[in-house]
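Naming: A, B, ... by sequence-line order, numbering from 1 per chain.
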Number of protein chains: 4
Amino acid sequence: MVEPTSGPVDRRRRRRKDARPQEIIAAGLAEFAERGFAATRLEDVATRAGIVKGTIYRYFGSKEALFEAALSSGMGPACETLQESVADNDGSTIDLLRSMIRQLYKLLFTPDVELLARIIISEGRRFPAVAELYHRLLVSRGRDILHRIVERGLARGELLPSPFCATPEVLVSPVIMALVWHMVFDGFAPIEPERFLEAHLDLLERALSRRDA
Amino acid sequence: MVEPTSGPVDRRRRRRKDARPQEIIAAGLAEFAERGFAATRLEDVATRAGIVKGTIYRYFGSKEALFEAALSSGMGPACETLQESVADNDGSTIDLLRSMIRQLYKLLFTPDVELLARIIISEGRRFPAVAELYHRLLVSRGRDILHRIVERGLARGELLPSPFCATPEVLVSPVIMALVWHMVFDGFAPIEPERFLEAHLDLLERALSRRDA
Amino acid sequence: MVEPTSGPVDRRRRRRKDARPQEIIAAGLAEFAERGFAATRLEDVATRAGIVKGTIYRYFGSKEALFEAALSSGMGPACETLQESVADNDGSTIDLLRSMIRQLYKLLFTPDVELLARIIISEGRRFPAVAELYHRLLVSRGRDILHRIVERGLARGELLPSPFCATPEVLVSPVIMALVWHMVFDGFAPIEPERFLEAHLDLLERALSRRDA
Amino acid sequence: MVEPTSGPVDRRRRRRKDARPQEIIAAGLAEFAERGFAATRLEDVATRAGIVKGTIYRYFGSKEALFEAALSSGMGPACETLQESVADNDGSTIDLLRSMIRQLYKLLFTPDVELLARIIISEGRRFPAVAELYHRLLVSRGRDILHRIVERGLARGELLPSPFCATPEVLVSPVIMALVWHMVFDGFAPIEPERFLEAHLDLLERALSRRDA
DNA sequence: CATGAATGAGTCTTCATTCAT
DNA sequence: GATGAATGAAGACTCATTCAT
């Protein structure tokens, strides 16, 4: 009944043993980003991962568990990237901000990270635990960095106190808009992130340059 | 509208007859915004509308049809609001922009419109037809207005040509960010739209004021 | 697509509307008795009830809910039968007991009741709530009746105090044994309840008759 | 049995090698008794036996095979116990019966045997082969012994012919009832086997003593 | 032999959709 | 038109069984 054809050993199986959970997570991430949590079928995740539905349950207790694992797993790397990005930079305030914004574009338009962001934006509200994690690990850190830069700028006299220094998030908002636009309208009205970045940096420059006057 | 006082007829039922589709749409909008398309159960929509599941099918051919109808229906009013908002204003460029931005905050944080925006952002990618409609009716119009304002500003010499004039969308991005933030993190890290607006306007002012120097 | 053949109306559907839950319960009882709770497939219950799996869920929230409903529902009638059986009998102690035992055989070998008993014996331990209900509604009542008869007999001097008067349950044990035997061995070593009854009554007579000596 | 002291071999493992099947059977017996055949998971059996699911298949071809093996294996010992119990006893009929009944209580309330009995009562009907085996090895032998005792009693004139001599099973029915009660209602309405035994013996005495009169 | 990863055939449960009343 | 019972097609999850190591 069984057909032991393949000569030596099924190489695929061996190689995969350890990678399995990661493969499932990657497949899940892709499917969740494409269809949303509710509309994603575990069957499709399995197929994409090259396995069978039941196998998912060896690693994840439920669809929801996979969802959360997938999201959590993606945050680590993104988090590190963020970390390094502005560490120990001694430039001027505007250089720091410019650098940070460039990093953000690079980060958020990285395929994996974009999947993550998409899912968070789409489903975050229905999965507060995940949204909270995302917020804690990424958003709130980024925010802290931003605040620190601005405060340093104020302290150095490179920035003048004004309402937008109290809410410097607005400085990064264009990249969020680009992301959302890309997520929703890209099929028929694509944007070029580069142009957005350029305009973004231009806006930044203008916003901070007043001091020069 | 006219109430023919035919004896024992259930007035409530009659009165509702016309309002039914709208009630169903409102209920649908609320549920879709809360749970997303796939996770919304028509049973819940019906209950919220005070009717029975089967009745929905008298007005809408399918769940998807209801979804599209609900979204389309919400766009009309929003569209008009937008229309009027900047028509025939003869002020300075910055006044026009300020006014437009204020309108945007008011509009996008109107409960009904916010539901709509939430749904579009969450599900737009999976319903290109709807996203396209939304884009055509609202986004692209808003964009046109914005572009016209900027061009007028350039023509009038109130603005100097520069990258961000070519992508003036960045000027409105903070409100989008506020919306997304509100949508995703509001449960545990709420924002105050007013502060955002303030910072937003501040940013605008700074970005455009260079010329003054 | 639909074939509205049958002239007037589908009579079956109308007639069934109210009877549905009862029909499902009856089907469930039969299947549960035959296969046990875990091995019973709702699909089979549905088929036996002439409906479709999904329909069960209009009436019962889960397999377990159906199980409990089925068992509870069967207890009412059995309970009443028991009630009447010994009410207001003024005969001698032995006549009362004889009558009670006859009733028990009749009751427990009634098809419906037997299903019930089988299920309780097989699954009771795993469904304490059900077992407890059964105990309260049927077993403990029967026991009370028995105890009252015996006490009356002692008071009247028809019985002499002795260990078995303190545990008169032994007086009915043969019918339980018959039931269990019938339940387990009937396929290859059937018993005749009548013979058991005869022997049972004989035993009873002998056990109580000593006093005459 | 013999322990070849081959150097560094893991003694535990070796020692177990022979005991394995028995350990699995014991674990299976416990699980089957607790949950019934269908609801028992081999995973749990394995865990209880301190091994892994797959290992079961080295000793038993299938869940059902394990079930049958477990039940068969339990019967041997019980069978022997029964055997000896009444062999070559030369006492009076009532002494023999008394002795037999005592043995029955002791036997059936022995943990291992009780598990067995529980399973047979619960699942016997669905596993005729097992029920038949149980019947042949234990029930029918016990019955034969009982019949022989009664016949001897009749021959000796210690008993008078009467219906219950033809169905002497009723004489042991209280212990069956005690067993079933214990099995089903013990959680909330426990019985004391000792009191049952006492009443049982009392009943026996009364039933047989008429002759003395 | 033992392990544990993998499989795939179920089974319960849900829900959009239909239809007789 | 409205109702609610019924349907049936999925989809999540479980678990006996197999198999490479």
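- The CD1 atom of I51(C) sits 12 Å away from the P atom of dG8(F) (whole-angstrom rounding).
- For dA20(F), the paired nucleotide is dT3(E), the pair qualifying as Watson-Crick or G-U wobble because both relevant distances are below 3.5 Å.
- Judged by closest nucleotide on DNA chain F, E43(A) is the one of E43(A) and K53(D) placed further toward the 5' end.
- When distances run from any side-chain atom of Y59(D) to the nucleotides dC1(E), dT13(E), dG1(F), the shortest one goes to dC1(E).
- The minimum heavy-atom distance linking Q22(B) with S73(B) is given by the pair NE2-OG, 3.9 Å.
- Backbone-only engagement by R41(B) is indicated by non-hydrogen atom pairs under 4.0 Å involving sugar-phosphate atoms exclusively.
- What separates CD1 of I56(C) from P of dT11(E) is a distance of 14 Å, to the nearest Å.
- Between D44(A) atom CG and dA10(F) atom P the separation is 13 Å, expressed in whole Å.
- Checked against dG8(F), dT3(F), dC12(E), the side chain of L42(C) finds its nearest nucleotide in dC12(E).
- Closest heavy-atom contact between T40(A) and E31(A): OG1-O, 3.2 Å.
- F60(C) places its CZ atom 15 Å from the P atom of dC12(E), with the value rounded to the nearest Å.
- Nearer the 5' end of DNA chain F, as judged by each residue's closest nucleotide, is the contact made by K63(A), out of K63(A) and E64(D).
- Under a 3.5 Å cut-off, the side chain of R125(C) and the backbone N or O of M183(D) do form a donor-acceptor pair.
- T47(A) places a side-chain N or O within donor-acceptor distance of the main-chain N or O of E43(A), the cut-off being under 3.5 Å.
- Contact annotation: Y57(B) does not reach the phosphate of dT3(F) (side-chain N/O to OP1 or OP2, under 4.0 Å).
- Ring geometry for F32(B) versus F37(B): interplanar angle under 30°, hence parallel rather than tilted (30 to 60°).
- Each of G54(A) and A38(C) has a nearest nucleotide on DNA chain E; the 5'-most of these lies closest to G54(A).
- Distances were taken from every side-chain heavy atom of T55(D) (C-beta onward) to each of dT7(E), dT17(F), dT3(E); the shortest belongs to dT3(E).
- A close approach under 4.0 Å does not occur between any side-chain nitrogen or oxygen of R58(D) and OP1 or OP2 of dC1(E).
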